[in-house]
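Shown next, in structure tokens, is the structure this report addresses.
Read the numbers this way: they start at 1 and go in the same order the structure lists the ligands and their atoms.
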Amino acid sequence: MSNRRIFLKKAGISTLALSLPYANTLSAMHTLHEDKVLRVAIMGLGSYGTRVAEAMKDCKRAKLVGVVSGTPSKISDWQSKYGIPAKNCYNYETFDQIKDNPDIDVVYMTTPNSLHKPHCLRLAAAGKHVISEKPMALNAAEGREMVAACKKAGVHLLVGYRMHFEAKTLEVVRQQRAGEFGETLFFQGLSGFRIGDPTQWRLDRELAGGGSMMDIGIYSVNGTRYMLGEEPVWVTAQESKTDPVKFKEGVDETITFQMGFPSGAMASCLSTYALNHLDKFFLNGTKGFAEMQPSTGYGPIKAWTNKGPIEREHITHQTTQMDEMAAIILDGKKPLIPVDGEEGLKDLVIIDAIYEAVRNGGKVKLG
Ligand code: NAD
């Protein structure tokens, strides 16, 4: 390869782009920009962290370059599996040193819920962008602290809302925003699975912050907001528990909840750890409907409207998510449905209100 070609390749400028007579500078800059890759460290090498790491193998703009883990054997496994250099490996005591590592742009926290806030604050102080898994924190107060810390540090805080980039979801949202269903006055979100091992952190109030609502019900909370395109002004909620041994005080098994919106629209939702095959969204308007089932699982998602099925290619959600998050962080791209800390906080405010409504049995006003 000639020196000129090597230079252009390193600079991310294609020789073809330069050989075109017009707008070469712009084209070259564009190429440069798009060639930037988001360098990601995953914190918490458990089941979801592994899924994200595997999905990132197909990313065009995001690359797994580092890890944070308390288990040395996992670190060495991941190093050999993903080619991660020792200098990009940290544990929970040492990860503040990431501030001196110019080769990591962002840390993706795939740890139990209660760790998101304290680790986010440390990462922000280290000057790194943060991606938090959902729920972003245990409650809105924690969420506000995270948003403020990242704002102060001038780093992005994003939440792993993979459905915000899923093609069929985006098509339903596009049709809703275009008025194709008329006035959308009703949404139903059903989110649940039957949870196994009673000793897992998801059933530990300290680590999970609650029960099914924090883990799976959040999909219906979040889905209601992006499907209707409005923020609720009130919530009501009811709880049921069939197994008080497995689901201890403060760990919800099943909650039904309702939300009201400024337009007059209402949502009726179910969050549960007691039922399998429960993953359905239904949106009804004055002129039509959209239905999705499964609606938030790993896919393929199925969606149809009163006009027929919605067909889109299934791409691993986390692959699209990480490429899109690279564009948000590196290019300032604004996604159709936000995934920033403010978005995560909106769901936490509603979840706080749902728990309050369960406790007081009445209507909790929002906003
Ligand atoms: P997991 O138990 O499989 O993994 C959690 C990891 O955190 C483990 O590697 C564990 O060793 C580590 N960890 C660090 N400190 C810990 C501590 N004090 N206690 C327990 N574990 C500790 O859990 P998961 O299913 O990977 O979930 C992790 C996060 O990802 C959760 O916030 C969850 O809600 C979220 N999640 C999101 C999706 C999604 O589709 N977006 C799916 C699954 C999980």
Side-chain angles (χ1 to χ4, degrees), residues 40-56 67-78 81 89-95 107-120 122-123 130-139 142-143 146 157-166 169 191-193 195-223 226 251-252 271 273 279 294-301 315-322 324-325 337 339 343-344 347-348 351:
V40 182
I42 293 185
M43 171 187 281
L45 312 182
S47 113
Y48 199 65
T50 303
R51 188 176 285 275
V52 172
E54 286 297 303
M56 277 174 62
V67 290
V68 181
S69 170
T71 314
S73 60
K74 279 193 204 167
I75 294 185
S76 49
D77 283 356
W78 279 53
K81 202 164 172 197
C89 297
Y90 298 88
N91 62 38
Y92 293 98
E93 283 73 49
T94 62
F95 79 77
V107 178
Y108 192 155
M109 306 186 299
T110 55
T111 42
N113 308 343
S114 67
L115 302 177
H116 298 171
K117 184 201 90 169
H119 291 161
C120 169
R122 285 170 62 186
L123 292 167
V130 182
I131 304 173
S132 172
E133 248 323 307
K134 44 57 57 178
M136 188 174 90
L138 298 186
N139 51 51
E142 283 197 359
M146 293 166 74
L157 170 59
L158 304 181
V159 185
Y161 286 135
R162 58 189 161 76
M163 300 315 297
H164 293 204
F165 306 107
E166 194 278 321
T169 303
S191 303
F193 66 94
I195 199 158
D197 178 10
T199 64
Q200 64 186 287
W201 68 260
R202 281 181 169 78
L203 296 173
D204 178 332
R205 182 176 161 69
E206 295 296 310
L207 288 167
S212 76
M213 181 57 61
M214 298 302 285
D215 192 50
I216 191 76
I218 190 170
Y219 285 97
S220 275
V221 172
N222 187 248
Y226 63 68
V251 179
D252 48 287
S271 165
Y273 269 157
D279 181 11
S295 56
T296 66
Y298 296 136
I301 299 301
I315 301 172
T316 303
H317 297 172
Q318 297 81 2
T319 304
T320 313
Q321 174 201 326
M322 292 310 291
E324 289 294 313
M325 286 187 166
I337 316 170
V339 286
E343 173 76 8
D347 288 332
L348 293 172
I351 291 174

Exercise for the section: Would you check whether Y219 reaches within less than 4.0 Å of ligand 1, judged by its heavy atoms? Expected result: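 Yes.
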Handout entry: Side chain, backbone, both or neither: Y92 near ligand 1, heavy atoms under 4.0 Å
Key = side chain
Heavy-atom contacts with [X] under 4.0 Å: which atoms of ligand 1 show up? List them by number with element.
X    : answer
K134 : 32 (O), 33 (C), 34 (O), 35 (C), 37 (C), 41 (N)
H116 : 32 (O)
R202 : 23 (O), 24 (P), 25 (O), 27 (O), 33 (C), 43 (C), 44 (C)
D215 : 34 (O)
G160 : 41 (N)
Y298 : 40 (O), 42 (C), 43 (C)

Which protein non-hydrogen atom lies closest to [atom], naming both residue and atom, and how far is it?
atom                    : answer
atom 10 (C) of ligand 1 : K74 NZ, 4.3 Å
atom 40 (O) of ligand 1 : R162 NE, 2.7 Å
atom 19 (N) of ligand 1 : P112 CG, 4.0 Å
atom 16 (C) of ligand 1 : L115 CD1, 3.6 Å
atom 30 (O) of ligand 1 : E133 CG, 3.2 Å
atom 29 (C) of ligand 1 : T111 O, 3.3 Å
atom 23 (O) of ligand 1 : W201 NE1, 3.3 Å
atom 26 (O) of ligand 1 : Y48 N, 2.7 Å

Exercise for the section: Could you tell me whether K134 and D215 have a side-chain N and a carboxylate O separated by less than 4.0 Å? Expected result: yes
Exercise for the section: Before accepting this row, confirm whether a basic side-chain N of the pair K81/E54 lies closer than 4.0 Å to the acidic partner's carboxylate O. Expected result: yes
Exercise for the section: Taking atom types as modelled, find out whether S212 and S271 have a side-chain donor-acceptor pair closer than 3.5 angstrom. Expected result: yes
Handout entry: Side-chain donor-acceptor contact under 3.5 Å, D347 with Y161
Key = yes
Within the distance-only criterion (no hydrogens, no angle test), does the side chain of [X] pair as donor or acceptor with the backbone N or O of [Y] below 3.5 angstrom?
X    : Y    : value
N113 : G209 : no
T94  : N91  : yes
T110 : M43  : yes
E324 : Q321 : no

Problem - Exercise: identify the closest heavy-atom pair between V339 and H164 - result: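 Heavy-atom minimum between the residues: CG1-ND1, 3.5 Å.
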Completion exercise
Which of M146, E142, M136 passes side-chain contact (heavy atoms from CB on, under 4.5 Å) with L348? Answer is M136
Problem - Aromatic centroids of Y298 and H317 separated by under 6.0 Å - result: no
Practice task
Flag G46 as yes when one of its N or O atoms lies below 3.5 Å from any N or O atom of ligand 1, and as no otherwise.
Solution key: yes
